[in-house]
Amino acid sequence: MSKPRLAVWKFASCDGCQLTLLDCEDQLLNVADAIDIAYFPEATKGEIAGPYDLSLVEGSVTTAHDAARIHEVRRLSKKLVTIGACATAGGVQALRNWANVDDFVSVVYAHPEYIETLETSTPISQHVEVDFELRGCPISKRQLLEVINAFVHDRKPDIPPDSVCVECKMRGTPCVMVAKGTPCLGPITHAGCWALCPAYDRGCYGCFGPATTPNVAALGSWWRGLGASNNDLVLALRTFNGYAPEFREASETYEH
Amino acid sequence: MTTTAAPEFVAEAMLPRPFRVVSRRQETGDTFTLEFEPEDGVPITYDPGQFTMLYAFGVGEVPISIAGGRAGEPLMHTVRAVGAVTDAICNLPEGGLVGVRGPYGKGWPLQRAVGKDLVIAAGGIGLAPLRSVVVHVFDNRDQFGSVSLVYGTRSPSELLYEEELRWWRSRFSIEVEVTVDRADAAWYGDVGVVTNLLPRITFDPANTVAMVCGPEIMMKVVARELGARGVESDEVFVSLERNMKCGIGLCGHCQFGADFVCRDGPVVPFASVMNRMTVEEL
Amino acid sequence: MAAVVVDRSDIGVLFDALTADGYAVIGPTHRDDAIVLGEVTSPDDLPAGWTDSQDGGSYRLERRSDEALFGYSVGPHSPKRYLFPPRTALFDLDRSNGSLTFTQREVSTTKYAFIGLRACELAAIAIQDRVFTGSGVVDRTYAGTREDMLVVAVNCAVAGGTCFCESMGTGPRCEEGFDLVLTELIDGDGHRFVFESGSDEGDRLLEGLPSRPAGPRDIERVDETIAATSAAMGRALDTDGIQELLEENREHPRWNKVAQRCLACTNCTLVCPTCFCSTTEDVAALDGSGGTRSRRWDSCFTMEFSTLHGRSVRTTTRARYRQWMTHKLASWHDQFGSSGCVGCGRCITWCPVGIDITKEAALIRLERS
Amino acid sequence: MSTDREIAVDYLARVEGEGAMYLKLRGEEVLDLQFKIFEPPRFFEAFLRGRRFSEAPDITARICGICPVAYQTSACNAMEFAGGIGLDGPRRDLRRLLYLGEWIESHVLHVFFLHAPDFLGYDNAIAMAQDHPEAVATALRLKKLGNSMMTLLGGREIHPINVRVGGFYRTPTKAELEAVVPELEWGLSAAIEATAFVAGLPFPDFERDYEFVALRHPDEYAITDGRIVSSSGLDIAVEEWPEHFEESHVEWSNALHAALKSGGSYHVGPMARYSLNSSQLTPAAANAASDAGLGPSCTNPFQSIIVRSVEIVFALEEALRLIDGYRRPATPAVEVVPHGGIGHGASEAPRGLLYHRYEIDPDGTIADAHIVPPTSQNQRSIEEDLRAYVTGRAQLPDDELQWQLEQAIRNYDPCISCATHFLDLTVDRVAG
Ligand SMILES: Cc1cc2nc3c(=O)[nH]c(=O)nc-3n(C[C@H](O)[C@H](O)[C@H](O)COP(=O)(O)OP(=O)(O)OC[C@H]3O[C@@H](n4cnc5c(N)ncnc54)[C@H](O)[C@@H]3O)c2cc1C
Ligand code: SF4
Ligand code: SF4
Ligand code: SF4
């Protein structure tokens, strides 16, 4: 039986999500046994031509070239899974979507005319059909392995879309919002990180993006009671998943 | 502390036994009937209407009604592929292995129907849990008065057990009426919803037990229609469906009001749930 | 056995005795700005001199003027963490060589001794006993841990800001379900504990403690302490006819109101000492040779909880909140013969936005249909 | 007759990010050489404007998934500078310890997964594992060790959540740190062996006279802070960076090129650190270096792989020392309140000096941000290496030349995600 072929693609990103695969030290060789790592430029020079059975796509679309390239990736891939906040929600670079990109370019570059970029940073799903979106900035190792496992066995990945609070409580961390008045995005943020931040004595900053049906308005009023300003709310909602619809819309209501 | 049954240890009750697929038949586009034999040779004895928890390796476990399998026969399930687990089960080849726990829940009140007329009404996949009732009736035909089966699906291609349906019909000892919502070119039978068939069948409303299984809306409509014909709502039995993770009243998922559908149902008298069935998202 | 008095200076003997008997001793400890359960090996591990101030969505630790060991009310943890752990492996699967084998996981053999459980927590354990062992099937993990467990309970000397055990008839005095119960007294007669035994095991333990018989003055002080706690309850819930009230008000507008504030974050259910919902999880080896199935905490507040054919039955937060509260206060009576709420106040305190079950019930009563 | 040749690598592999190389040759003569970074720009410096000073560590971490701690540290340093404090005592030790975890992880990744396959002729480490299973198993275990230090101190290995301006959110207990000691001890001996293995690789005969730039600290091999020094005697405080360095924008790259104002390219990274500070290495690291045949400095960029191995040894030894002396601080962080002003911060990322500069408004809002990552500082040096390397080797067949030139780029462990604000190789041989 021939092994399924895996390809790892990079768009605008920090490389952290694809590094997560290399960070699975204990499982890496098993993964390589179960699937052919056919295209993964960060880790290998060798390259097996497509089509690929599974494509992991990291990063968002920010250039005209990438907007075209993603269609080619889709064409070459049986299943396409986006990995991380960039690919799933546009990433931190989507903060440009609220600004004038020309201003942005001139802040960073002396010769803006050399820079080709789009006005917006957009998630992969705005360009092509996506089979599964894995959240997190960065993604969790455990969940990445679950997605690969599910794919190899032709099943749906078991990635509960609950709030971070579920994991926080399972972990036994006393709620930082209740016990210390520290603002926390946990109740509206997608689980998967094993409620890391509260366990380290800080509020969740939403790096996994919105949970299902997040009640941002209710959490927002509570935050204000804890002393947060509208601008604090805008900043908190607009980080790595700011362009996810639920966070985006809510942040816009706090802007005025 | 009173216990209704001999205490059973749960993790044991949560522990499936391996069963092997001995036959697989495609019923419709997405529905398959599979028969299973226990690897350890110990068969499952059940009441019609009960269900098992079927476990697909590495994917998960789902409740599935027992469609048949009398003493000495393999365990029969009819499964519609609608999601992760049911897809995996429907894709099993002959010789494939699953885990089986059960049987669980309260089945159809066959004893109560002895000496009475019996109305069996099924919609779609709802015929699966009623199939074993029909089989039981044929095996014990003299225990019941007039028996009728009304069955409806959305289209002719979605009819389950077509061959058996034809055979049941040919026996004339029970009345079989079938309808489809939308006909195709080859269909020369009835068109319309199941309730349309009810006026046609004969039963004594004062001495009838009805067993109904299908989508919630269909069960409500049939029960109301039967009520209008004079059947008491506590003689109408419906089979409820809720998400279940354990099948034994511990996971909490299947609660419908105070009932744990897995344990207090799935078969319940319509009278006990009709108020609740009108509450949205209960 | 009659009540005895143990001095603060001698209380360490109890910890030593339990440890010597092979118990893992679990008690209140001060961690992460809260009082949580954890392993304790001596009275030094207890949060001496701390108390808490609790309200909807707020919990703060404060210093007491004395060095009381139990001078606070319940924290975010309950014994549920140990009896019904957040995640339990059920069985392992092996699919090598063409067969499928399921192998039961062994039940944990840890013997727990809980120190400092309150009356409401004893009531909650009694409820979970009925859930996990009382309805025909017996949950092995629960029953296994429960069987060998020992309880040193405490009569509450302070009522928390969200406590309402008085209304639920579950406290503050510990009536049953303990091996030992103590009342902590600090006054002119010193810092001491009045112990009463509730079992043979309790008798045995008491015999090993340096103690003196409790005098009438000590007993009087215990009664006064508990009475004062009863009088100081932070909350109250009118339970009169509550089952009918909720069952008849399933379409009450209040459900919509609360849904506007509710985050459906699950905190209330997970801190509740009686909530018992769970789901299952499968982990399979990448090569398909085997795997493990586990059970983990779940909550009726998640969207997935009631999924049927790819769609949730309770899509709205309104329906989910109603399910939770109606289950707790109403249908629980039909299922397990008591309320599902013991009045510990955790769901009020630990709701990140301070939604209050007592207030919601009162509002439905006020505007009942 | 000499023919003009073009060698183009459109997508360089085993580097972090997207880059390319273009080379145009006429016979032996290099007509054109470009090391291109086409990683799309992400505009961190622009959207940092308007954010709170306290957000800089978490946001800038996202510039690079390979060296987030470097970004967090330089950002914290800059904010602390603006707030008028410098971290000291156990909080500084923890910052250094976390950073060492990143050095170990990043260096092991580069040495064994990205670079060693070049020398041994494999496409990747997984292919290498077939013939060298033990070396790869050891490498994986070392990498995991680096990651576990980051997880312990930072919460997770990529984009740690525990770093804040002024220190940490939660500090570990001594017992938590001591739990990793046995694995660190194993790691130290494994890394010493690995250095010997790496020292035995075949190195091309190639030396260059670099202007090295790195941090230097009076008491230790500098990582988290220090003064900026160079081989030609520059010795400045971090806040003097703008006076001595400048960045320019070339048409073929999305990464800015940096240069010394005094003229010319310079080189940052392990070779620079080693060459400037090797006397400050810990004893086992110093021994490993001399056993591997390194002198007090190293000017063959292909041998940077040895220097990285030596730095792994150093990192493990230093980690053991820090854990031994650790006392948990009373509070995890010190309060830092920058009331406006300018903050400069630098630290030694695995790939070299990483400089941050922020202008902060009186209310703590970032008004301006400027970030100079190591790879953009090395761009010129890389191009110069390539030019020098081709000279005398232009007769090599295209595929061999391409492989060696790619290797010459990978000598720098270029992190292109960082540099963009940055690989493919194209060689054009023009018929002449
Ligand atoms: C008592 C009873 C008897 C049933 N008998 C049959 C039968 O004979 N044939 C048949 O095809 N189907 C039957 N079903 C429905 C069947 O259980 C679901 O279709 C199945 O659970 C869907 O799971 P999935 O993983 O394939 O789908 P997904 O949509 O991927 O399911 C996700 C999760 O939701 C749960 N879930 C989803 N739908 C249901 C549901 N309807 N009931 C319970 N849990 C659900 C599952 O537990 C699953 O873990 C019965 C259900 C019940 C309660
Ligand atoms: S989602 Fe975050 S971690 Fe992943 S590539 Fe984007 S910035 Fe990096
Ligand atoms: S700390 Fe945050 S994630 Fe944890 S329970 Fe509280 S609100 Fe939820
Ligand atoms: S708690 Fe929130 S911010 Fe922290 S790692 Fe988890 S999802 Fe990300």
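A, B, ... follow the sequence lines: proteins, then strands. Residue 1 opens every chain.
Considering all non-hydrogen atoms of both residues, C:Leu100 and B:Gly99 come closest at CD2-N, 4.3 Å. Closest heavy-atom contact between B:Asn243 and C:Thr307: ND2-O, 3.0 Å.
Each of B:Glu280, B:Arg242, B:Glu216, B:His253 was scored for a side chain to side chain contact (heavy atoms under 4.5 Å, CB included) with C:Val313, with one residue passing: B:Arg242.
For CD of C:Glu176, the number of neighbouring non-hydrogen atoms (other residues, nucleotides, ligands) closer than 6.0 Å is 12 at most. In C:Glu106, the CD atom is not crowded: 12 or fewer heavy atoms of neighbouring residues, nucleotides or ligands sit closer than 6.0 Å.
Contact count against chain C (heavy-atom pairs under 4.5 Å) is highest for B:Pro16 among B:Gly249, B:Pro16, B:Gly257, B:Gly95. Residue with the most contacts toward chain C among B:Phe57, B:Phe19, B:Phe260: B:Phe57 (heavy-atom pairs, distance under 4.5 Å). No other option in B:Gln255, B:Glu241, B:Met244, B:Arg20 has as many heavy-atom pairs under 4.5 Å with chain C as B:Gln255. Counting heavy-atom pairs closer than 4.5 Å to chain B, the top-ranked of the candidates C:Arg322, C:His333, C:Glu247 is C:Arg322. Contacts with chain B were tallied for C:Thr280, C:Thr316, C:Val107, C:Val131; C:Thr316 has the most, counting heavy-atom pairs under 4.5 Å. Most heavy-atom pairs under 4.5 Å with chain B, from the set C:Thr315, C:Thr326, C:Asp298: that is C:Thr315.
Atoms CZ and SG, from C:Phe305 and B:Cys251 in turn, are 6.5 Å apart once rounded to the nearest 0.5 Å. C:Thr279 OG1 to B:Lys245 NZ: the interatomic distance, rounded to the nearest 0.5 Å, is 4.0 Å. From C:Asp139, atom CG reaches atom CD1 of B:Ile248 across 8.0 Å, with rounding to the nearest 0.5 Å. Taking CG from B:Leu97 and CZ from C:Arg95, the interatomic distance works out to 8.5 Å, rounded to the nearest 0.5 Å.
Using modelled atom types, no side-chain atom of C:Asp334 and backbone atom of B:Ala258 make a donor-acceptor pair closer than 3.5 Å. C:Gln335 contributes no side-chain N or O that, together with a main-chain N or O of B:Asp259, makes up a donor-acceptor pair within less than 3.5 Å.
Salt bridge B:Glu281/C:Arg320: absent, no basic N to carboxylate O contact under 4.0 Å.
Residues of residues 74-85 of chain B having a heavy atom under 4.5 Å from any heavy atom of chain C: none. Interface with chain B: from residues 269-278 of chain C, residues C:Phe276, C:Cys277, C:Ser278 qualify, criterion being any non-hydrogen pair under 4.5 Å. Chain C is approached within less than 4.5 Å, heavy atom to heavy atom, by no residue from residues 37-51 of chain B.
Taking 4.5 Å as the limit, some side-chain heavy atom of C:Val137 sits within range of a side-chain heavy atom of B:Leu250. No side-chain heavy atom of C:Phe102 sits under 4.5 Å from any side-chain heavy atom of B:Arg17.
Considering only residues two or more places apart in sequence or on other chains, C:Tyr82 meets the ring-ring contact (aromatic ring centres under 6.0 Å, His included) condition with C:Tyr112, C:Phe114.
Of the two parts of C:Arg314, the backbone and the side chain both hold a non-hydrogen atom closer than 4.5 Å to a non-hydrogen atom of chain B. In this structure, chain B has a heavy atom under 4.5 Å from the side chain of C:Phe336, while its backbone stays farther away.
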* Asked: When you look at C:Arg293 and B:Glu61, which way does the side chain to side chain contact (heavy atoms under 4.5 Å, CB included) test go after all the steps?
  -> CA-CA 10 Å; C:Arg293 174 152 249 247; B:Glu61 199 179 37; 3.0 Å; yes
